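This one's a predicted model, so the numbers in the text were calculated from it and none came from an experiment.
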Amino acid sequence: MKNKTKVRTSRFIFILAIVSFLIATVQGILYYKKYDTFFKFLLVIQNSINAFGFKASVSIKDVIAFMNNEPTLINTVVGYAYCIAVFTAPYCTISFVYKFLERILRLIIGFRRRKNCQHILIFGYNDDVKAMLRNNKSDPKELCIHVITTEKIGQEEVYDLNKSGYVIHNIDVLKAGAEELPALFAKTHLEDAKNIILFEESSIRNFSLLQTFRLCEKDNTEKIRLREGAKVSCRCEEEGIGRLIAEYYNSAAGKDAYYDLELVNFPEMQIHKMYSDIPLHKVYEDSDTPLDECTVHLLVAGLGQMGQQAVLQAMNLGILSDKNKIIIDVFDTDIKKQKAEFINQFSSETFDISEDSVKLKAEAADGVLEINFYALNVKYLDFYSLLREKTASNPYTYAVITLENIDFAVNCAMQLDEIFCEIGHEIPIMMRMDSDRRLAGFIASENSALANVQIIDDRSCIITLDMIINREIDRIAKEYNHLYNNISIITSDEEGNSDNSDADPETEWNRLRLFRRSSSKAAAYHDEVKEFIIPRLAKEKKTDLNKKLEEILGTDGSIMKFTGSAWRMNGSEKAVLDNLKKDSFAYALASLEHRRWCSYMASIGWCAGERSDRFRKNPCLVTQQRLMETKPEMCKYDLMSLMERYIRKNDS
């Protein structure tokens, strides 16, 4: 372990200092042997001390002359040893001074921090962690950040990090036994930390680190138990490992887990940011196209991790009505291999899967969703000939280039921009450019060659400490989940209190299994899309939005009655469903939300069937019409986006 190596080095320097001091003392005794005892003692001590201060009283020249005048064996051996000690002694001094200053610096930083400062632990020290630390603007007095790494960091870099308020610990946790962990973590305040961030580059290593923490009551008592309510952010970019981690955490049934867990996927975050800044419906924002006819035709060049995220998130964010089409064309040079890996997460019970396309079955959800795969190289003429053909018949509305090869990516962007401009069809063209920020800056600036091309923010732009520990999307998702739990099941003719708003949103959230949290986050991500959809739908239905919300969801709402803190159905389940079907605006929003939920669930591998979290089955994964026939009591939950909007309107 590197921690043991560090200890051994410190011991070696200490022993070297003692040996150097003894050699300098012996040389002094021999050299000053003709002096009186008192002065001899002082001169010997002075020489030994000066040897550590870069200016020995007895120089190497003096020693050589002494050995030549009295060429005895002991004088020769001690003389040569002393010549070496003259150099080792100052080195020991430098080392001790550095250690002393380092400890003084830590002590000063420690005094500057408040006793109740928040401790955050980051495992790993790589480019992503460095970017997060660079982007950190928090006050070191309020926040103490510990970086735990196996990487060997230069002393100068450690000093700079310490000066900025970061504490570095060289610990390899995975090589330590369970009995060693408490001692290793003694200085890290692990058991007091509110946030633990596992950001090693290996998903497997992060999972292994996760297992050093005690999961629940029945877990190994030798593992480290975190503080109550601690949040662990675990980086994981592999679908298979992600499922393994989720299964591990879900084994504690959520509510029994000692800590809150969130899986962090950087490509997913980058694409979320892209679709948030430039939404999929961008081309329709200034048009009068009806929502049902707002076809999302997405082009994705490259099916790596970012390309896959572009496709998967479009299946959720591309829902603009219960009928609009979502067509995604994916191009990759090795499409056969990439497609095989990508569709492995889809269920054949939910999708019709053929050699070159994947289509969501009609019975699984309303609307049209199809993904087409093309084995064409962006360097070849056939690629652009096909694009011109497809653009002429069904114009693209959005393009994402996630190719790793910069030359291919730039060439592709220029060709796409030219093709789309030829037909006067300007659409967002988003391009990945992680490895060359200078080129990215040029492309992002105004230039005629790439007028409609924009750069996808790289990791260094989106990875911030605040984003990890205070994610806005988490807050919105928790509100959605809290809202879901506060829809009363008490009907108007039953007795009982429908005000159950005292429940803690944080507690409710921590009881959820990971896939349920992901479902709430998907709804929260779609909120930005609904800011476009809801006013537009109200306009199409020729209704005033605020009046309509009050009419169907107010204190005397026709569907739900708002009690001021919770919700109560207006009548029986049948009456609520009948009233929902009678109101075209409410029904359209409910149908849209149900389709969005179905599409999202399908994107993470679920299918219709008897409810089973283990086998990813849910009876509600059907069309709106089928849902009203088989699970009518579930339809009211699809009004949550309207209910959330109603609450925000009343609070403002």
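Side chain of Asn579 to main chain of Ala575: a donor-acceptor pair is present (N/O by atom type, distance under 3.5 Å, no hydrogens or angles). One N or O on the side chain of Ser287 and one on the backbone of Tyr284 form a donor-acceptor pair closer than 3.5 Å. In this structure, Asn136 contributes its side chain and Leu465 its backbone to no donor-acceptor pair below 3.5 Å. Between the side chain of Arg611 and the main chain of Cys620, no donor-acceptor pair closer than 3.5 Å is present. Side-chain N or O atoms of Asn481 include none that pairs as donor or acceptor with a backbone N or O of Ala477 at under 3.5 Å. Side-chain atoms of Tyr525 never come within 3.5 Å of backbone atoms of Ile473 as a donor-acceptor pair (strictly under, hydrogens ignored). For His594 (side chain) and Leu627 (main-chain N/O), no donor-acceptor pair under 3.5 Å exists by modelled atom type. In this structure a side-chain-to-backbone donor-acceptor pair under 3.5 Å is missing from Arg596 to Leu320. The backbone N or O of Ala588 sits nowhere less than 3.5 Å from a side-chain atom of Ser591 that would complete a donor-acceptor pair. Glu363 contributes no side-chain N or O that, together with a main-chain N or O of Thr623, makes up a donor-acceptor pair within less than 3.5 Å.
Residues His526 and Asn316 share a closest heavy-atom pair of CD2-O, 3.1 Å. Residues Leu360 and Ala365 approach most closely at CD2-CB, 3.7 Å, considering heavy atoms. Of all heavy-atom pairs between Lys231 and Ile468, the closest is NZ-O, 3.4 Å. In plain terms, the two heavy atoms of Met274 and Val400 that are nearest each other are CE-CG2, 3.8 Å. Across every non-hydrogen atom of Ile604 and Arg243, the tightest pair is O-NH2, 4.2 Å. For the residue pair Met132 and Thr464, the shortest heavy atom distance occurs at CG-C, 3.9 Å.
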After noting the C-alpha distance and the side-chain angles of Cys607 and Phe351, does the key distance pass the side chain to side chain contact (heavy atoms under 4.5 Å, CB included) rule?
CA-CA 9 Å; Cys607 61; Phe351 289 90; over 6 Å; no
ring-ring contact (aromatic ring centres under 6.0 Å, His included) evaluation trace for Phe515 with Trp606:
CA-CA 11 Å; Phe515 88 86; Trp606 285 65; 4.7 Å; yes
Candidate pair Glu629 and Gln625, rule side-chain hydrogen bond (donor to acceptor under 3.5 Å, both in side chains), full reasoning:
CA-CA 7 Å; Glu629 296 171 359; Gln625 183 60 41; 3.3 Å; yes
Between Asn265 and Gln305, does a side-chain hydrogen bond (donor to acceptor under 3.5 Å, both in side chains) hold up when you go through it step by step?
CA-CA 10 Å; Asn265 183 320; Gln305 288 186 336; over 6 Å; no
Given side chain to side chain contact (heavy atoms under 4.5 Å, CB included), test Lys530 with Glu593 step by step and report yes or no.
CA-CA 10 Å; Lys530 288 189 176 70; Glu593 182 58 24; 2.6 Å; yes
Step by step, work out the side chain to side chain contact (heavy atoms under 4.5 Å, CB included) result for Glu531 and Arg645.
CA-CA 10 Å; Glu531 290 299 316; Arg645 192 180 184 92; 3.2 Å; yes
Decide yes or no on side-chain hydrogen bond (donor to acceptor under 3.5 Å, both in side chains) for His482 and Lys478, but give the supporting numbers first.
CA-CA 6 Å; His482 183 60; Lys478 289 173 184 177; over 6 Å; no
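The neighbour count for Lys325 NZ, taken as heavy atoms of other residues, nucleotides or ligands under 6.0 Å away, does not exceed 12. In this structure, Glu285 places its CD atom where more than 12 heavy-atom neighbours from other residues, nucleotides or ligands lie under 6.0 Å away. Taking a 6.0 Å sphere around NZ of Lys194, one finds it holds 12 or fewer heavy atoms contributed by other residues, nucleotides or ligands. Within a 6.0 Å radius of CD in Glu422, more than 12 heavy atoms belonging to other residues, nucleotides or ligands are found. No more than 12 heavy-atom neighbours from other residues, nucleotides or ligands sit within 6.0 angstrom of NZ on Lys359.
Neither side chain, Ser357 nor Glu370, offers a donor N or O lying under 3.5 Å from an acceptor on the other. A side-chain donor-acceptor contact under 3.5 Å links Asn324 and Arg595. If you check the side chains of Glu550 and Tyr646, you find a donor sitting under 3.5 Å from an acceptor. With no hydrogens or angles considered, a side-chain donor-acceptor pair links Ser321 and Asp292 at under 3.5 Å.
Considering CD1 of Ile469 and CD1 of Ile197, their distance stands at 6.5 Å, rounded to 0.5 Å. Separating the CD1 atom in Ile429 from the CD1 atom in Ile401 is a distance of 6.5 Å, to the nearest 0.5 Å. Interatomic distance, Leu621 CG to Arg616 CZ, rounded to the nearest 0.5 Å: 12.5 Å. Between Asp613 atom CG and Lys617 atom NZ the span is 13.0 Å, to the nearest 0.5 Å. From Thr391, atom OG1 reaches atom CG of Leu299 across 8.0 Å, with rounding to the nearest 0.5 Å. Atom NZ of residue Lys631 and atom CZ of residue Arg626 lie 11.5 Å apart, to the nearest 0.5 angstrom.
Using a 4.5 Å heavy-atom cutoff, the side chains of Leu369 and Met315 are in contact.
Ion pairing between Lys547 and Glu551 fails under the 4.0 Å rule for side-chain N and carboxylate O. A salt bridge does not link Asp366 with Lys323: none of the charged nitrogens is closer than 4.0 Å to a carboxylate oxygen.
Across Ile327, Asp329, Leu280, Val330, a single residue satisfies side chain to side chain contact (heavy atoms under 4.5 Å, CB included) together with Leu298, and that is Leu280. Between Phe331 and the options Tyr396, Phe373, Tyr374, a ring-ring contact (aromatic ring centres under 6.0 Å, His included) holds for only Tyr374.
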